[in-house]
Amino acid sequence: MNLFRLLGDMTHLLSIVVLLLKIRTVKSCAGISLKTQELYVIVFLTRYLDLFTKYYSVYNTAMKLVFLGTSIGIVWYMRYHKVVKQTYSKDEDTFKHYFLILLSIILALLIHRAFDVIEVLWTFSLYLEAVAILPQLVLLQKSRNIDTLTGDYVFLLGAYRALYILNWVYRFLMENHKFRWIPWISGLVQTALYADFFYYYIKSWKNREKLKLPA
Amino acid sequence: AQDPFTKDEL
């Protein structure tokens with residue numbers, strides 16, 4: 001475990017804490033894409049299939065359970081909680097996210113390291129995670145005003161994978177010197193998708209003004 | 001033995 005990966009995991013955890021904070025304290029999920037949250041549940045379910053078959057460390061197992069539990073909990077809140085579900089921006093969360101799942105499945109069947117169920121599903125989870133933020137970014141562009149916690153949530157979510165890229169550089173140089181094209185390219189695409197959000201987020205933070213994405 | 005591409009990451 002290197003510092004970049006630890007920072008990455010903590011940033012990812014923090015993003016989830018911020019989202020839960022928003023949903024639980026404000027009792028609102030306005031501006032949050034349910035579709036992105038559902039995609040993340042699929043990402044975690046298909047990536048952590050080895051949860052009960054392979055043991056790496058207490059940390060690894062604990063974090064997998066936290067990510068699975070919180071992502072499922074958030075979807076439950078947005079779908080079934082009597083107060084929160086009323087605040088879901090249903091009419092604006094219109095991205096056709098089933099296409100993202102289909103494309104990721106097809107790509108995972110075509111490009112993978114080994115053709116076995118676990119490996120193909122793990123590869124699928126990497127491809128899906130790379131594009132899972134798209135419904136959320138589209139929703140942000142439609143939102144007139146983006147509340148601070150939502151902006152912070154998306155920023156932290158984008159930052160975690162950027163830190164993972166540093167972790168991969170470190171591991172390549174210092175550890176196994178092996179090329180891991182699939183996670184690397186997926187991670188680069190994922191981070192690149194946040195590029196313009198990062199630009200507007202940092203600009204709004206520097207100018208102390210409300211975050212606004214161009215339509 | 002761990003496969004070369006260990007899945008020890010989250």
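Letters A, B, ... mirror the listed sequences (proteins, then strands); counts begin at 1.
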Check your understanding: So do the side chains of A/R47 and B/E9 get within less than 4.5 Å of each other, counting heavy atoms only?
Key -> no
Study note, to complete from the structure: side chain to side chain contact (heavy atoms under 4.5 Å, CB included) test vs B/L10 passes for just one of A/Y160, A/Y56, A/Y48, namely A/Y48
**Study point:** More than 12 heavy atoms from other groups under 6.0 Å of CH2 on A/W205
**Key:** no
Exercise for review: Check whether more than 12 heavy atoms from other residues, nucleotides or ligands sit under 6.0 Å from atom OH of A/Y199, and answer yes or no.
Suggested key: no
**Study point:** Over all atoms of both residues, closest heavy-atom pair of A/K64 and B/K7
**Key:** NZ-O, 4.4 Å
Study note, to complete from the structure: Residues pairing under salt bridge (Lys or Arg N to Asp or Glu O under 4.0 Å) where one sits in residues 12-30 of chain A, two or more places apart or in two chains, turn out to be A/K22-A/D147
Considering only distance and modelled atom types, tabulate donor-acceptor pairs under 3.5 Å from the side chains of residues 1-15 of chain A, sequence neighbours left out.
unit_1, atom_1, unit_2, atom_2, d
A/N2, OD1, A/F4, N, 3.0
A/N2, OD1, A/R5, N, 2.9
A/N2, ND2, A/N167, OD1, 2.8
A/R5, NH1, B/D8, O, 3.1
A/D9, OD1, A/Y164, OH, 2.7
A/D9, OD2, A/Y59, OH, 2.8
A/T11, OG1, A/L7, O, 2.7
A/S15, OG, A/H12, O, 2.6

